[in-house]
Visitor: 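This is the structure, below, for whatever I ask next.
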Protein chains: 2
Amino acid sequence: MPKAWKKQSDSGQRELSIELSAALVAVNDEAPKILLVRGQGDDSATHSQFGLPCGPFDPIGHRTLEEGLRTWVREQSGIHLGYTEQLYTFGDRFRDPQEREGGPRPVSVGYLALVRQTDLMSPENADWSDWYRHFPWEDWRAGAPAIVSQVIASGLRAWVETGETRIDKQRRRERVDMTFGLGGATWDNERVLERYELLYEAGLIAETVADGRSRNDDSLLQVHTLMGAALIKDHRRIMATAMGRLRGKIKYRPVIFELMPPNFTLYQLQRAVEALAGVRLHKQNFRRLVANEGLVEATGQIANQTGGRPAEFFRFRRDVVRERPVSGVRLPSRVRTNQQ
Amino acid sequence: MPKAWKKQSDSGQRELSIELSAALVAVNDEAPKILLVRGQGDDSATHSQFGLPCGPFDPIGHRTLEEGLRTWVREQSGIHLGYTEQLYTFGDRFRDPQEREGGPRPVSVGYLALVRQTDLMSPENADWSDWYRHFPWEDWRAGAPAIVSQVIASGLRAWVETGETRIDKQRRRERVDMTFGLGGATWDNERVLERYELLYEAGLIAETVADGRSRNDDSLLQVHTLMGAALIKDHRRIMATAMGRLRGKIKYRPVIFELMPPNFTLYQLQRAVEALAGVRLHKQNFRRLVANEGLVEATGQIANQTGGRPAEFFRFRRDVVRERPVSGVRLPSRVRTNQQ
DNA sequence: CCCCTTATGCTCAAAAATAGCATAAATATT
DNA sequence: AATATTTATGCTATTTTTGAGCATAAGGGG
């Protein structure tokens with residue numbers, strides 16, 4: 001066995017590079033944002049395209065992976081990262097065609113980083129872009145999004161029909177139904193990545209076109225148009241991973257406060273959660289939950305630009321985290337939206 | 001910016017290697033098991049030590065990271081992996097002192113793989129070893145383990161006292177209390193990694209000694225003895241990550257069935273969950289929960305070596321997974337254990 | 001002052017979790 | 001054979017948590 005190891009490691013380790021990428025997430029009132037920077041890579045073809053802040057891991061200069069990431073982000077956006085969490089390591093080739101021919105095999109470590117609203121100014125060459133511009137089907141706050149029922153559902157049904165065998169079609173249909181909550185299944189807001197990968201596989205995504213995959217239906221082109229410009233490399237996939245992870249995490253760890261200013265009203269907090277989760281929540285129950293968890297305490301200050309009765313400002317109780325295993329903002333009942 | 005990138009990537013990418021490691025987990029009735037293999041690495045010093053199945057990622061020979069992992073596991077243990085999940089990518093230097101001086105900088109991608117009980121035969125050079133031999137403080141099925149109250153608590157208290165400033169001590173105490181559920185806090189069975197890292201930092205772990213860190217208290221030696229032999233590299237840390245992840249996952253995804261034989265009694269299922277979670281559960285409520293979730297269906301067959309009234313065999317309903325977002329085996333109330 | 005808005009307190013019913021009691025059906029013990 | 005012991009399984013009473021909504025408070029604008 002040591003022999004096989006040796007052989008492999010001698011032949012294999014040459015063409016390796018590790019890329020560090022960060023999905024910087026913030027919430028601006030109603031809108032979840034992600035930071036995109038322009039012109040990553042020395043390749044002139046990708047120079048004008050947008051992507052996540054990223055850069056190669058330098059085993060000599062970087063003490064740890066996370067430190068390397070922080071350095072790149074600081075360099076490319078001027079932002080000093082706070083809360084950071086590793087997402088996933090992708091070892092497939094990037095889907096960007098430029099990366100296809102030859103060149104080093106990229107292994108990409110994706111991170112999720114949370115940036116507080118107050119630190120939000122768009123740095124040079126960078127842009128805080130709305131999540132849902134890149135994933136319009138993920139926003140259910142105003143009910144089922146039109147793009148799902150009008151474009152995606154039919155596009156996926158078409159894809160189901162292109163299955164080879166009957167079994168194959170059956171399997172595709174099940175997968176479509178459960179990831180997109182069609183055919184009686186329920187929409188699970190955490191399956192962001194699964195939905196993205198499914199759309200990608202079905203050829204309904206901008207990247208597919210860039211990849212040179214076939215696209216022979218007009219409705220698909222329509223989807224493509226709705227998607228906005230593709231990001232470089234596999235950055236859209238990392239975004240999807242980040243969104244899914246964050247949606248899961250806010251339910252059982254109080255990370256939402258990493259995104260809030262020091263003082264906030266309960267409704268601001270609710271709107272931030274709704275923006276990330278992509279659903280509307282029942283207001284009274286939301287405040288009861290937050291209050292019962294003891295996550296926040298009143299400051300005594302009053303906000304009076306609310307448009308109605310003034311709201312009280314609250315702050316996060318950092319100390320509760322030390323007291324007991326504290327579960328984030330468990331989502332109370334979604335408010336039924338009468339669309340769809 | 002592209003300039004900085006270029007500079008970094010030219011100087012940085014030489015000494016890089018990616019190691020793939022798998023924590024293969026199985027449950028044998030009462031005991032959670034993990035597969036250790038002997039003699040990984042061509043270094044003769046580590047040749048007789050045990051570690052997880054692992055090997056370097058070969059960017060030419062391996063199509064994906066996971067495929068590389070499967071290949072290595074197959075080669076080293078003969079096992080063809082089923083359910084597999086990426087855990088984390090570690091970029092710090094291995095803690096093994098052999099790796100310290102020079103040599104390529106290791107980046108290690110850890111995986112969790114679940115192996116069914118029925119496939120359980122110990123391959124040559126490999127050994128299914130009990131989790132709790134390596135983490136005795138994690139097993140609370142018979143109440144608070146003696147090692148926590150008798151050795152770890154005092155060891156950690158001593159470590160708290162070696163804090164420099166008052167603030168520092170305070171911080172250490174809080175961390176100790178919340179990770180080990182001391183001082184009124186509750187034990188969170190998912191914080192396996194945090195506990196391991198804390199013990200490591202406090203110098204209470206076998207690896208610490210191997211690392212050449214100081215150890216100047218007799219009670220610590222006692223802990224060291226209790227821990228069993230250290231594993232190579234950072235494999236104990238990967239194990240801890242795997243255990244924590246799995247404990248979390250069984251609660252919201254039905255992965256427990258990946259570890260069960262096709263047919264099982266409800267009590268066997270409960271014992272498997274208890275073995276992983278490290279706590280005892282309320283029997284009647286457990287079966288009600290499982291039944292209500294519709295995760296299993298009766299087969300009609302009867303087991304009669306139970307030692308009491310014969311139990312019915314059940315099987316996992318694979319189809320429910322497709323029907324709806326199915327939440328694993330939510331742990332019902334822990335049965336109070338009157339120890340501690 | 002009425003009407004709009006948002007904030008916040010409170011209630012009532014439904015659902016789920018917790019903790020046992022009780023009985024059935026086997027094996028082991030006397 | 002009778003009795004104790006063990007495990008399986010059904011059922012219930014109580015408490016807790018959720019879901020949904022009513023009602024009132026407190027601001028601004030006509």
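Atoms considered below: every heavy atom in the structure, side chains included; atoms not considered: hydrogens, waters and symmetry mates.
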Visitor: Does the base of C:dA16 carry an N or O that pairs as donor and acceptor with the side chain of B:Asn292 under 3.5 Å?
Guide: no

Visitor: Show me the pairs that pass salt bridge (charged side-chain N to carboxylate O under 4.0 Å, His left out) and involve residues 265-275 of chain A, at least two apart or across chains.
Guide: A:Asp29-A:Arg271, A:Glu30-A:Arg271, A:Glu274-A:Arg280

Visitor: To the nearest angstrom, how far is B:Asp29 atom CG from D:dT7 atom C1'?
Guide: 14 Å

Visitor: Under the rule for side-chain hydrogen bond (donor to acceptor under 3.5 Å, both in side chains), what residues qualify as partners of A:Gln86, not counting sequence neighbours?
Guide: A:Tyr111

Visitor: Would you mind checking if A:Glu190 and A:Lys251 are paired as a salt bridge, meaning a charged N to carboxylate O distance below 4.0 Å?
Guide: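 A salt bridge links A:Lys251 with A:Glu190.
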
Visitor: Just how far, in rounded Å, is P of C:dT6 from CZ of A:Arg287?
Guide: 14 Å

Visitor: Got a sec, which residues hit salt bridge (Lys or Arg N to Asp or Glu O under 4.0 Å) with B:Asp139, two or more places apart in sequence or on another chain?
Guide: B:Arg141

Visitor: Answer with yes or no whether A:Arg288 presents, from its side chain, a donor or acceptor under 3.5 Å of a partner atom in the base of D:dG19.
Guide: yes

Visitor: For the pair made of CD1 in A:Ile302 and C1' in D:dA25, what is the distance, rounded to whole Å?
Guide: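 That distance rounds to 12 Å.
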
Visitor: Round to a whole Å and report the spacing from NE2 of A:His282 to C1' of C:dT11.
Guide: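 One finds 12 Å between C1' of C:dT11 and NE2 of A:His282, rounded.
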
Visitor: Write down the distance between CG (B:Asn285) and P (D:dG10), rounded to a whole number of angstrom.
Guide: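 Result: 14 Å.
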
Visitor: A:Glu312 near the nucleic acid: base, sugar-phosphate alone, or nothing, with a heavy-atom cut-off under 4.0 Å?
Guide: sugar-phosphate

Visitor: If the sugar-phosphate is the primed atoms plus P, OP1 and OP2 and the base is the rest, what is the B/S/- string for nucleotides 24-30 of chain C, using protein heavy atoms under 4.0 Å?
Guide: BBB----

Visitor: So does B:Lys283 get a side-chain nitrogen or oxygen closer than 4.0 Å to the phosphate oxygens (OP1/OP2) of D:dT9?
Guide: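 For D:dT9, neither OP1 nor OP2 has a side-chain N or O of B:Lys283 closer than 4.0 Å.
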
Visitor: Send over the distance from B:Glu293 CD to C:dA17 C1', rounded to a whole Å.
Guide: 13 Å

Visitor: On DNA chain C, compare the nucleotides closest to B:Gln284 and A:Gln284; which residue's is nearer the 5' end?
Guide: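 Its nearest nucleotide lies further toward 5', so the answer is A:Gln284.
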
Visitor: Can you list the steps and then say if A:Leu295 with A:Phe316 is a side-chain contact (heavy atoms from CB on, under 4.5 Å)?
Guide: CA-CA 6 Å; A:Leu295 290 173; A:Phe316 177 47; 4.3 Å; yes

Visitor: Among residues two or more places apart or on two chains, list those pairs meeting salt bridge (charged side-chain N to carboxylate O under 4.0 Å, His left out) that have a residue in residues 294-303 of chain A.
Guide: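 Residue pairs with at least one partner in residues 294-303 of chain A: A:Glu297-A:Arg315.
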
Visitor: How close or far is atom P of D:dG10 from atom CG of B:Leu266, stated in whole angstroms?
Guide: 9 Å

Visitor: Given atom OH of A:Tyr267 and atom P of C:dT5, what is their separation to the nearest angstrom?
Guide: 12 Å

Visitor: With sequence neighbours left out, what residues match A:Arg288 under salt bridge (Lys or Arg N to Asp or Glu O under 4.0 Å)?
Guide: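 Testing A:Arg288 for salt bridge (Lys or Arg N to Asp or Glu O under 4.0 Å), a comparison that skips the adjacent residues, returns none.
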
